[in-house]
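In what follows, every heavy atom counts, from backbone to side chain, and hydrogens, waters and symmetry copies are set aside.
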Amino acid sequence: MVRSGGRERATTAVVVLALLCPLALPDFYLYTAADLIIWALLAISLDVLLGYAGLPSFGQAAFFGVPAYTIGIVVSRGGPLTLAILAAIAALLVIAMAVGYFATKTGGVGYIVVTMLASFSLFQLALVWTGLTGGENGLYLPRASSLAVLRVRAQYLVVAGLGSAVLWASRRLARSGYGLALAAVKSNERRCRALGYNVERIKLQVTLVSAGIAGIAGILYALVERALAPDLLGPGLSTEVVIWVLLGGAQTLVGPIMGAALFVTLKQVLNTFESYPLVLGLLFVAVVTWAPAGLIALRPPGRRRRRSPGGPRPSPPETGLG
Amino acid sequence: MRFGPFTVLSELDLEVRAGEVHAIIGPNGAGKTTLLHVLAGDLLPSAGRIRFDGKDITFVPMYRRARLGLGRSYQIARLFPGVTCQQALQLALQRDSPARDWLSRGRCRLLAERALSMLETAGMAQCAHQETTSLSHGLQKQLEIVLALANEPRLLLLDEPMAGMSASERIELGARIRLLAARQTIVLVDHDIEMVMSIADRISVMHNGRIVVEGSPSEVRASRIAQAIYLGAANA
């Protein structure tokens, strides 16, 4: 709950940079940048849940993939785009209510199990129900009913605009009285009950908010990337989001965005190596070991005095990995 | 009240009269804290009924009991790590405003100001921006009571509010509890028998999950059963 001016400036810088990109870069990079913003949105969605409310969702891909697939299913059957988006929102609401209800009801480790199971079973369903989802081949959105009708620059601006709006709203939420209630639920659930808070309801609400953000990311993904595969629902992506958040630094919003950008970029740069998952894994282990508060907590050498007393000395995780 | 094969509270009949300070005393393991947990809704009783202000609240969840006007402090002060005192109090205050107000900046600022002035009244203004868990034991206990009182509960349940406090702090707190009693009904669990005798209107003595003696402080003082229990406990 400590608010630093530095973080404020960092957030503004990230948003401004993200919005300025299209003015300087050729089209190819714009696609990449739009992609990163979509993954950043998914990271934000989990940070709201895991970082601010302390709810460990290991099924975030379910909230991302369900609306994406819904759009794919409606559009590939010739439905209009507006109907597709409405259907995507409805499907997301159903999934988020169901997962949120049971995850909150079981609580604690149960939250992990329920969210993970949701992601896994939807992944399996997408593989098996080939008539609806195209199975392993996935779905492909026709150009006419996607953002591809717009010019690349305009597409990018839609994604960047929505992305910064969500970031702004998430920050507002985190700093409001509601964010305070989340922090309190995270740090002492029982005491919140004694103060008169309906903890289960708050948990369900924040799960819905988080699912909503993930859903926006999923809808954007479907409309920009146009190719959908079962992996978008699966436990692999769900777990990767957790890594992004912890890598960058939970409960900071900016940290998880950085985490997502770094991880996704490294994955693309390194995938010429066969053993690249090992490198990413080691990077993650190094960060968790030496910078448990995430990369965002690392300070340039000259400013290390400000680190919290008693905390482990942060050190650059890149060293030792080559 | 049972935990598996253990019966912790049995055949217990407690009536707290509005406006009184009602103390519950008894040796360790008598079931005093369990009784408070059952009253506040931390634990559900395996049998029996709880009525508050004529309303049956036996199965009303804890948060709703708090909203009905049941405030409580805990024996072991474990507040909110990562949350400052002012924020904790703001949290208590915002409970009664609708959730959409929590998003309003102006409303939050208002509550934060009220929280600060309440801390000032309690003489804790200097801790406003400290984390609740970084306070000294005595201050945490004090903050507990400020938090429990924030929404002006009609019944205040205090679980060993004086445990771990110095003699002078105890006297001060005793006087404060007496003052509070003008507006709140108070149920108090404590070990400090002399202090309890001096501030309570009624005292229930618990032993092995039952209330064995109940009466005014002088009646309890005169009771041979109460003496036997305390002497027995002291010898053990």
Original post:
Can A:Cys192 and B:Phe80 be said to form a side chain to side chain contact (heavy atoms under 4.5 Å, CB included), step by step?
Top reply: CA-CA 9 Å; A:Cys192 284; B:Phe80 300 102; 3.9 Å; yes
Subject >> Pair B:Met62-A:Tyr197, side chain to side chain contact (heavy atoms under 4.5 Å, CB included): steps then yes or no >> reply: CA-CA 9 Å; B:Met62 189 170 169; A:Tyr197 279 90; over 6 Å; no
**OP:** Output, in order, the C-alpha distance, side-chain angles, deciding distance and verdict of side chain to side chain contact (heavy atoms under 4.5 Å, CB included) for A:Leu173 and B:Leu103.
**Re:** CA-CA 7 Å; A:Leu173 186 80; B:Leu103 295 172; 3.6 Å; yes
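Across B:Asn151, B:Leu111, B:Asp42, the residue that shares the most heavy-atom pairs under 4.5 angstrom with chain A is B:Asp42. When each of A:Lys186, A:Arg193, A:Arg190, A:Gln205 is checked for heavy-atom pairs under 4.5 Å with chain B, A:Arg190 comes out on top.
Looking at B:Leu91 and A:Leu195, their side chains come closer than 4.5 Å, going by heavy atoms from C-beta outward. Side-chain contact between B:Arg105 and A:Arg175: absent, with no pair of heavy atoms (C-beta onward) separated by less than 4.5 Å. At least one side-chain heavy atom of A:Arg191 sits under 4.5 Å from a side-chain heavy atom of B:Tyr74.
The nearest pair of heavy atoms linking A:Ser176 to B:Cys108 is C-SG, 4.2 Å. Pairing each heavy atom of B:Arg72 with each of A:Ala194, the nearest pair is CG-CB, 4.3 Å. For the pair A:Ala181 and B:Gln94, the tightest heavy-atom approach, listed with the atom from each and the gap, is CB-NE2, 3.9 Å. Taking all atoms of both residues into account, the shortest heavy-atom contact from A:Ser187 to B:Pro81 is CB-O, 3.2 Å.
When the shell of 6.0 Å around CZ of A:Phe284 is examined, it contains more than 12 heavy atoms from other residues, nucleotides or ligands. Residue B:Asp13 qualifies as open at atom CG: its count of foreign heavy atoms under 6.0 Å is 12 or below. Heavy atoms of other residues, nucleotides or ligands lying less than 6.0 angstrom from CZ of B:Arg67 number more than 12. Applying the 6.0 Å contact sphere to CZ of A:Arg172 captures more than 12 heavy atoms from other residues, nucleotides or ligands. For A:Phe102, the CZ atom is loosely surrounded, since the number of other residues' heavy atoms within 6.0 Å does not exceed 12. More than 12 heavy-atom neighbours from other residues, nucleotides or ligands sit within 6.0 angstrom of CD on B:Glu20.
If you measure heavy-atom distances from B:Asp96 to chain A, you find no contacts under 4.5 Å at all. Residue B:Ala40 does not touch chain A at all, counting heavy-atom pairs closer than 4.5 Å.
Within the model, atoms CG of A:Leu180 and OG1 of B:Thr84 stand 8.0 Å from one another, a figure rounded to the nearest 0.5 Å.
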